[in-house]
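When a residue number appears, it is its place in the shown sequence, counting from 1. What you see is a predicted model; the values in this text were computed from it and never measured.
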Amino acid sequence: MSSAGKTERDLLGELVHSPVWRVVLAAMREGLLIVDRELTILVQNPAAEQIFSPPPISSRPLRLIDLTRDPALHEGFLCAFDHGTSVELRFELRRGDPRTFHVTITPLHFAAEEPQAALGVFVEITALERLERMRRDFFANLSHELRTPLAAILAYVETLQETGLNDPEYARHCLDGLFRQAQRLHALVRDITDLAEIESGAITLSLEDIPLRAFVEDVLALIRPQAKERNVALANEVPEDAHVLADPIRLTQILQNLLDNAVKFNRPGGQVWVTARAVGERILISIKDTGVGIPPADQPRIFERFYRGEKSRSRETGGSGLGLAIVKHLVQLHGGEITVASTPGCGSEFTVSLKAAVSQ
């Protein structure tokens, strides 16, 4: 039969059975379906077979409804046939872990007659949508974190403008408030800058053999004024022979953030312990407290930017909401990992795994 006398089905059949076509289908990362006007599956590449699990009862011929009952997808293919133009839509696969796809459906024109087949290409956008959601959440939280101290600063300034400096004691109170809120803004900008530099790879480590007990004692000295104010006892139980290979500046940042949280979320008369032990070629540094603890539902998310479980308590204690995210990235930058174990009402224990120094 000459090509002029062939129908679209004939031409499509020749294409499907072409060795080159089969190689192309197998190499595609995108899912591909070709259906006819009755929505019977004519072609399904391996990627599409992974997206759409086979029906529990084998049916021949296989139809689109056997793979999915999503009405938008069915309507998309029918619309492509009826109008002879491409259709784009968003397709959600809710089986197992939810997955999202951008689908482009194009009618296939092999001859002058109306298309008898349509091609659907499925490009997964699950990760992209998750990143976009994280971006929106980040800026929403950032807006809140900036708005809170700025509102306080404006209130103090307006009060000073109205009352003037005639009352030195009250003016001093306003200036103290301005200073605290300015410090809060400064800390937020610093943490955002640190996190951006870490994630962009701009930070390089200068690794040293660090005697851990003396190092922890120096960091505890930075935390003691805050701990004394909150009546929280600090204990350094790190063995004298514990040495880690780490960047001193970044290790200070890691420990200070964890200790700061252990004190802030503790109870009056509570305690914080810093311990360490060797496990193979690693040193496990643990910071344990007797604080409020973290609910199990919140524990998988506490290392996310701005994530707060007990929001009212978190707002009260202040902080940028980026500390644990920074800690996680810095620990990973050292080739280590951080874990948390916590019981609400009893306290939390954060454990950082770092490489032991050679002398260890």
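- For the atom pair His102 NE2 and Glu129 CD, the distance stands at 10.5 Å (nearest 0.5 Å).
- With a 6.0 Å radius and a threshold of 12 heavy atoms from other residues, nucleotides or ligands, Arg277 has its CZ atom at or below the threshold.
- Sorted by first and then second residue, the pairs that involve residues 165-200 and meet ring-ring contact (aromatic ring centres under 6.0 Å, His included), not counting sequence neighbours, are Tyr170-His173.
- The ring pair (Phe, Tyr, Trp, His ring centres under 6.0 Å) check on Phe52 picks up Phe91, Phe122, with sequence neighbours excluded.
- Using a 4.5 Å cut-off on side-chain heavy atoms (C-beta onward), Leu185 and Ile153 make contact.
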(request) List the steps and the verdict of salt bridge (Lys or Arg N to Asp or Glu O under 4.0 Å) for Glu217 and Arg213. (result) CA-CA 6 Å; Glu217 194 61 37; Arg213 181 178 175 83; 5.5 Å; no
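- Side chain of Asp260 to backbone of Gln256: no donor-acceptor contact under 3.5 angstrom is found.
- In this structure, Arg282 has no salt bridge (Lys or Arg N to Asp or Glu O under 4.0 Å) partners at least two apart in sequence or on a different chain.
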(request) I would like to know whether Arg130 and Arg133 meet side chain to side chain contact (heavy atoms under 4.5 Å, CB included); could you show each step before the answer? (result) CA-CA 5 Å; Arg130 182 163 53 247; Arg133 189 161 53 250; 3.9 Å; yes
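- Contact of the Ile285 side chain with the Leu255 side chain is registered, since non-hydrogen atoms from C-beta on lie closer than 4.5 Å.
- Among all heavy-atom pairs drawn from Pro344 and Pro295, the shortest one is CG-CA, 3.8 Å.
- Contact detail for Pro61 and Asp66: the closest heavy-atom pair is O-OD2, 4.2 Å.
- Looking at Ile223 and Leu234, their side chains come closer than 4.5 Å, going by heavy atoms from C-beta outward.
- When only modelled atom types and interatomic distance are considered, Thr126 and Thr100 share no side-chain donor-acceptor pair under 3.5 Å.
- Connection of Leu284 to Trp273 is not established within any shared hydrophobic cluster, with ILVMFWY side chains joined at heavy-atom distances below 4.5 Å, either directly or through further cluster members.
- The closest donor-acceptor contact from the side chain of Thr290 to the backbone of Gly347 lies at 3.5 Å or more, if one exists at all.
- Residues satisfying the side chain to side chain donor-acceptor pair (under 3.5 Å) criterion with Glu92, sequence neighbours excluded, are Arg90, Arg94.
- Proximity of Gln116 to Arg37: side-chain heavy atoms (C-beta onward) are separated by under 4.5 Å at one or more points.
- For the atom pair Lys264 NZ and Gln226 CD, the distance stands at 7.0 Å (nearest 0.5 Å).
- Note that NZ of Lys328 and CG of Leu333 are 13.5 Å apart. Values are rounded to the nearest 0.5 Å.
- Taking both residues in full, the closest heavy atoms of Ile51 and Gly31 are given as CD1-CA, 4.0 Å, listed atom of the first, atom of the second, then distance.
- Gln253 and Arg250 share a donor-acceptor pair across their side chains, judged by distance under 3.5 Å alone.
- Closest approach of Ser342 and Ser348 over heavy atoms only: OG-OG, 2.7 Å.
- The cluster map of Ile, Leu, Val, Met, Phe, Trp and Tyr, joined by side-chain heavy atoms under 4.5 Å apart, puts Leu128 and Val123 in different clusters.
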(request) Run the numbers on Ile254 and Val331 for side chain to side chain contact (heavy atoms under 4.5 Å, CB included), then give the verdict. (result) CA-CA 8 Å; Ile254 291 169; Val331 170; 3.8 Å; yes
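- Each of Thr339, Thr275, Ile338, Ile287 was checked for a side chain to side chain contact (heavy atoms under 4.5 Å, CB included) with Thr351, and the lone residue meeting it is Thr339.
- The two residues Ala356 and Ile283 come nearest to each other via the heavy atoms CB-CG1, 3.7 Å.
- Between Leu259 and Asp289 there is no side-chain heavy-atom pair separated by less than 4.5 Å.
- Note that CD of Glu237 and OG of Ser286 are 11.0 Å apart. Values are rounded to the nearest 0.5 Å.
- Counting only heavy atoms from C-beta outward, the side chains of Leu324 and Asn257 never approach each other to under 4.5 Å.
- Here CD1 of Ile192 is found 6.0 Å from CG of Leu322. Values are rounded to the nearest 0.5 Å.
- Following chains of ILVMFWY side-chain contacts shorter than 4.5 Å, one cannot reach Leu73 starting from Ile65, and the two form parts of different hydrophobic clusters.
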(request) Test side chain to side chain contact (heavy atoms under 4.5 Å, CB included) on Asp36 and Ile41 and set out the steps. (result) CA-CA 7 Å; Asp36 63 14; Ile41 306 297; over 6 Å; no
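- Every residue two or more places apart in sequence or in another chain was checked for a side chain to side chain donor-acceptor pair (under 3.5 Å) with Asp82, and none qualifies.
- A 6.0 Å sphere centred on CG of Leu222 holds more than 12 heavy atoms belonging to other residues, nucleotides or ligands.
- Side-chain heavy atoms closer than 4.5 Å link hydrophobic residues (I, L, V, M, F, W, Y) into clusters, and following such links, possibly through other members, connects Met28 to Leu42.
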(message) Arg180 vs Asp176, test: salt bridge (Lys or Arg N to Asp or Glu O under 4.0 Å). Steps then yes/no.
(response) CA-CA 6 Å; Arg180 286 195 304 272; Asp176 288 343; 5.4 Å; no
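- Remark: Glu30 engages no residue in a salt bridge (Lys or Arg N to Asp or Glu O under 4.0 Å) (not counting sequence neighbours).
- Among all heavy-atom pairs drawn from Leu251 and Ala246, the shortest one is CD2-CB, 4.1 Å.
- Using a 4.5 Å cut-off between side-chain heavy atoms of Ile, Leu, Val, Met, Phe, Trp and Tyr, with links allowed through other members, Leu154 and Tyr156 fall into different hydrophobic clusters.
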(request) Dump the intermediate steps for side chain to side chain contact (heavy atoms under 4.5 Å, CB included) on Leu93 and Asp70, then the final yes or no. (result) CA-CA 9 Å; Leu93 190 65; Asp70 184 272; over 6 Å; no
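- No side-chain heavy atom of Phe101 sits less than 4.5 Å from a side-chain heavy atom of Ile125.
- Of the possible donor and acceptor atoms, none in the side chain of His329 sits under 3.5 Å from a partner among the backbone N and O of Asp194.
- Side-chain contact between Leu67 and Leu33: present, with at least one pair of heavy atoms (C-beta onward) separated by less than 4.5 Å.
- Side-chain atoms of Asn45 come within 3.5 Å of backbone N or O of Leu32 as a donor-acceptor pair.
- Looking only at distances, no side-chain donor or acceptor of Asp97 sits under 3.5 Å from a matching main-chain atom of Arg99.
- Under the 3.5 Å distance criterion, the side-chain polar atoms of Asn261 are left unmatched by any main-chain donor or acceptor of Leu258.
- At least one donor-acceptor pair closer than 3.5 Å links the side chain of His334 to the backbone N or O of Asp247.
- Atoms CG and CD1, on Asp218 and Ile210 in that order, are 10.5 Å from each other to the nearest 0.5 Å.
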